Every structure is written in C-alpha cells, then in structure tokens.
K.L.:
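Below: one structure in structure tokens.
The figures here come from the full heavy-atom set of this structure, side chains too, leaving out hydrogens, waters and symmetry mates. This is a predicted model, so every value here is computed, not measured.
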Amino acid sequence: MRFEKFTKGTFVPLALICLLLAGSAAGASGSLPEIAGWSCGELRSTEFDAVSGNQGSWQERDYRTPSGVRIKATLMAGKGPGKLRVPQAGTDSSDGAYGAGSSYRVLTIEGAGAILEIHPLLGHSLAADLGDATLTVESDSYGLDSDEFLEAAGIILRTL
C-alpha cells in the first residue's frame, strides 16, 4: 500500500486499535480488587497522562479485614512511577541507635520481592515488586502482629 492511498478511512481504525492496545497494556498489572469478607473502600484511580503520552497509573483503596485490621493499598504502574528495586531477600536491618526504632526485612511474598518496614508508632508497610507495577500495603492498626499484616498483604497480592 502506498502512502498516498493511506486515507482517513484506514487511519482512524488503526488509531483506535492502537489506543485500545495501549489501554489494555496500561492496565496489565490488574486493579485493586474487592475482597470477599473484607470491608472495601472506594477504588480511587488516576492515570499519569502527559504531553509525551500516558506514563502509568495510580490506584488506592482502603480495606478492613474481618478481624478489624485497617489496610491502605496503593498500586502504581508504568514509566512514571518506575520500577521498585528490591535488595536480596533475607536482608534484615534497623534504623540504628539514632533512629525511631524501625526495622526492615527483605522477603518474598506470593512470589514477589518485597521490603517490610515495621515502625513501633507508625505501624507496618510493605512495598512489593510486581514486575510491571509496585504494590504498597500499609497499616497503622495498633498492636498488629507482623504475621497478621503479612497474611493480609498476601491476600491482596493473590487477588491482583
């Protein structure tokens, strides 16, 4: 086909197909789900649109587990947020003698490399590398056990 024969009749359908494919690729990492048995807040979603094109997406949802643990989950995907780089699993650390008492652990959860932070006053947070996206899960529930937090984070990861 010569360029002169490339008309609006061919261009518009091709452009629509490209837009649909781009849209499905942007959402390839899934969406923060509703979880059966949990109280699930409204899904808040934002696309990172720029002059240079779509740079990714951001989603956030608040959850409450059946045992009452409050969880905030954030899912970020695309070039804008970039890729989470997780150190080698098994690394444990703390913020030292001059810190606020936080401890850090690098682990694998549901097949994803993740960094777990536990702060005595602020609670638990987990950042997991999903390859094409990053999931962060946070909880400020007082007296939360790390195993209970990791179990809740694992449920979210399994449902993505």
Side-chain angles (χ1 to χ4, degrees), residues 14-95 99-100 102-119 121-141 144-160:
L14 285 174
L16 287 174
I17 290 169
C18 289
L19 286 172
L20 290 173
L21 290 174
S24 65
S29 60
S31 179
L32 290 173
E34 296 230 358
I35 299 173
W38 289 23
S39 173
C40 303
E42 175 187 350
L43 178 64
R44 296 171 299 279
S45 185
T46 302
E47 290 294 317
F48 299 137
D49 290 322
V51 174
S52 58
N54 184 283
Q55 299 298 310
S57 63
W58 166 88
Q59 294 181 353
E60 182 178 87
R61 177 172 268 174
D62 295 322
Y63 296 98
R64 187 176 291 262
T65 67
S67 64
V69 174
R70 292 183 313 272
I71 301 277
K72 177 178 281 198
T74 305
L75 183 65
M76 295 175 287
K79 294 186 291 186
K83 180 171 175 43
L84 176 67
R85 287 173 175 69
V86 178
Q88 183 176 3
T91 305
D92 292 344
S93 188
S94 72
D95 59 6
S102 291
S103 63
Y104 309 91
R105 191 166 86 204
V106 181
L107 51 99
T108 301
I109 179 169
E110 297 297 324
I115 304 168
L116 171 68
E117 177 183 4
I118 303 168
H119 188 283
L121 299 175
L122 300 176
H124 292 70
S125 66
L126 178 96
D129 174 23
L130 305 181
D132 63 341
T134 298
L135 174 71
T136 60
V137 180
E138 302 170 289
S139 180
D140 61 357
S141 290
L144 177 63
D145 179 82
S146 294
D147 291 336
E148 187 177 8
F149 174 76
L150 288 173
E151 181 181 327
I155 290 170
I156 295 170
L157 278 164
R158 278 193 302 275
T159 58
L160 284 175

K.L.:
Could you pull out the closest heavy-atom pair between L84 and A128, with the gap in Å?
P.N.:
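Nearest pair, atom of L84 first, then A128: CD2-C, 3.7 Å.
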K.L.:
For V106 versus D92, what's the shortest heavy-atom pair and its separation?
P.N.:
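For V106 versus D92, the nearest heavy atoms are N-OD1, 4.4 Å.
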K.L.:
Please give me the minimum heavy-atom distance between T134 and G82, naming the atom from each residue.
P.N.:
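Heavy atoms only, the tightest pair is OG1-O, 4.3 Å.
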K.L.:
Quick one: are F149 and V69 in side-chain contact, heavy atoms under 4.5 Å?
P.N.:
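The answer is no, as the side chains (C-beta and beyond) never meet within the 4.5 Å cut-off.
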K.L.:
Is W38 close to P66 at the side-chain level, that is, under 4.5 Å between some pair of heavy atoms?
P.N.:
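Heavy-atom side-chain distance check passes, below 4.5 Å.
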K.L.:
Can you tell me how far apart OG (S31) and CD (Q59) are? Round to the nearest 0.5 Å.
P.N.:
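S31 OG to Q59 CD: 3.5 Å, rounded to 0.5 Å.
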K.L.:
Could you tell me the separation between the CD1 atom of I71 and the CG atom of L144, rounded to the nearest 0.5 Å?
P.N.:
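The CG atom of L144 is 6.5 Å from CD1 of I71, to the nearest 0.5 Å.
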K.L.:
To the nearest 0.5 Å, tell me how far S102 OG sits from L121 CG.
P.N.:
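Separation between the atoms: 9.0 Å.
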K.L.:
According to the side chain to side chain donor-acceptor pair (under 3.5 Å) rule, which pairs have a member within residues 72-91, sequence neighbours left out?
P.N.:
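Found K83-D129.
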K.L.:
How far apart are the closest heavy atoms of G113 and V86, and which atoms are they?
P.N.:
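Scanning both residues, the minimum pair turns out to be O-CG2, 3.7 Å.
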K.L.:
Examine distances only and state if a side-chain atom of D95 and a backbone atom of A100 form a donor-acceptor pair shorter than 3.5 Å.
P.N.:
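Confirmed, D95 side chain pairs with A100 backbone.
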K.L.:
For A112 and L130, which heavy atoms make the closest approach, and how far apart are they?
P.N.:
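Closest pair (atom of A112, atom of L130, distance): CB-CD2, 4.1 Å.
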K.L.:
Please check this pair: side chain of E110 against backbone of L157, looking for a donor-acceptor N/O pair closer than 3.5 Å.
P.N.:
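Side chain of E110 to backbone of L157, a donor-acceptor pair under 3.5 Å: no, none is there.
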K.L.:
As an exercise, state the distance from OG of S125 to CD of E117, rounded to the nearest 0.5 Å.
P.N.:
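Answer for the OG-CD pair, S125 versus E117, is 4.5 Å.
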K.L.:
What distance separates S93 OG from I115 CD1, expressed to the nearest 0.5 Å?
P.N.:
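Going from the OG atom of S93 to the CD1 atom of I115 covers 11.5 Å.
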K.L.:
Run the side-chain contact (heavy atoms from CB on, under 4.5 Å) test on T136 and L75 for me, step by step, so that the C-alpha distance in whole Å, both residues' side-chain angles and the decisive distance to 0.1 Å come before the verdict.
P.N.:
CA-CA 7 Å; T136 60; L75 183 65; over 6 Å; no
K.L.:
Going from OG on S103 to NE2 on H124, what distance comes out if it is rounded to the nearest 0.5 angstrom?
P.N.:
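S103 atom OG to H124 atom NE2 measures 8.0 Å (nearest 0.5 Å).
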K.L.:
Between C40 and I35, which heavy-atom pair has the shortest distance, and what is it?
P.N.:
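Nearest pair, atom of C40 first, then I35: SG-N, 3.3 Å.
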K.L.:
Would you call L32 and L135 a side-chain contact if the rule is heavy atoms closer than 4.5 Å?
P.N.:
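Yes; the side chains approach each other to less than 4.5 Å.
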K.L.:
Would you check if Y63 and S139 make a side-chain contact, meaning some heavy-atom pair closer than 4.5 Å?
P.N.:
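They are not in side-chain contact.
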K.L.:
Are any of the side-chain nitrogens in R70 or D62 under 4.0 Å away from the carboxylate oxygens of its partner?
P.N.:
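Salt bridge between R70 and D62, a charged N being under 4.0 Å from a carboxylate O: no.
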